[in-house]
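Data first, discussion second: the structure below is written as structure tokens.
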Amino acid sequence: MRHRSMSVRRVAAALGVCAGVFVLVGCGSQERAMTSEEQAEKLRRNLTPELYNLHQRPTEVRNEYAVMVNENLRMMKQDLWRALLIDRQSRLAREPIPR
């Protein structure tokens, strides 16, 4: 009889601990709703949240940046070819070199 009462106590203690954990987790997970004044203040701080600058969204700014980087790299390669004198055929040969 003593053995059975110990197991009932253990089960009751385990259920009590689980219930306590559920109560604590349930109470701490809710966020406070913003009042209308807080919403208005948030809107006043950033009237156009979808725009990154005066006329572009963040995706348009990233696209423009990608195009700029691509053009700059291609121009740099072209400048390097000119500096290494490999952008055209040699003018030292007597006969013309066909292309």
Side-chain angles (χ1 to χ4, degrees):
M1 190 96 146
R2 182 175 178 203
H3 178 54
R4 186 172 182 199
S5 65
M6 289 295 281
S7 65
V8 171
R9 287 184 190 169
R10 286 183 185 171
V11 169
L15 287 176
V17 169
C18 288
V21 168
F22 285 131
V23 167
L24 291 176
V25 170
C27 292
S29 65
Q30 295 179 357
E31 292 184 21
R32 184 178 64 87
M34 288 181 18
T35 64
S36 61
E37 184 59 34
E38 290 172 336
Q39 290 175 345
E41 183 62 32
K42 184 178 177 183
L43 180 63
R44 283 186 209 113
R45 277 187 256 131
N46 189 4
L47 293 175
T48 54
E50 70 278 357
L51 293 180
Y52 187 74
N53 54 24
L54 288 178
H55 64 281
Q56 290 177 319
R57 295 175 299 170
T59 55
E60 293 167 344
V61 171
R62 287 191 298 267
N63 291 344
E64 185 177 343
Y65 180 77
V67 168
M68 182 264 313
V69 167
N70 185 1
E71 288 176 353
N72 285 344
L73 287 175
R74 288 187 289 129
M75 286 189 289
M76 192 168 45
K77 288 178 188 175
Q78 186 177 2
D79 292 342
L80 181 63
W81 280 53
R82 281 190 191 145
L84 297 175
L85 302 175
I86 55 177
D87 61 332
R88 59 179 175 250
Q89 62 190 9
S90 174
R91 296 182 183 172
L92 298 176
R94 291 183 184 183
E95 60 278 345
I97 301 172
R99 287 189 178 199

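When a residue number appears, it is its place in the shown sequence, counting from 1. What you are looking at is a predicted structure, and each value in this text was computed from that prediction instead of being measured. Quick note: numbers below take in every heavy atom, side chains included, and nothing from hydrogens, waters or symmetry partners.
Between the side chain of E60 and the backbone N or O of R57, at least one donor-acceptor pair lies under 3.5 Å.
Rounding to the nearest 0.5 Å gives a distance of 12.5 Å between OG1 of T48 and NE2 of H55. Once rounded to the nearest 0.5 Å, the distance linking CZ of R62 with CD of Q56 reads 11.5 Å. Interatomic distance, CG of L80 versus CZ of R82, reported as 11.5 Å (0.5 Å rounding). Note that CG of L73 and CE of M68 are 9.5 Å apart. Values are rounded to the nearest 0.5 Å.
In this view, E38 and R32 satisfy the side-chain hydrogen bond (donor to acceptor under 3.5 Å, both in side chains) rule, not counting sequence neighbours. N70 meets the side-chain hydrogen bond (donor to acceptor under 3.5 Å, both in side chains) test with R74; sequence neighbours excluded. Residues forming a side-chain hydrogen bond (donor to acceptor under 3.5 Å, both in side chains) with N72 (at least two apart in sequence, or on another chain): none.
Clustering ILVMFWY residues whenever any of their side-chain heavy atoms sit less than 4.5 angstrom apart, transitively, puts W81 in the very cluster that holds L84. A continuous path of ILVMFWY side-chain contacts below 4.5 Å connects V69 to M76, so both sit in one hydrophobic cluster.
The local environment of CD in Q39 is crowded, with over 12 non-hydrogen atoms from other residues, nucleotides or ligands closer than 6.0 Å.
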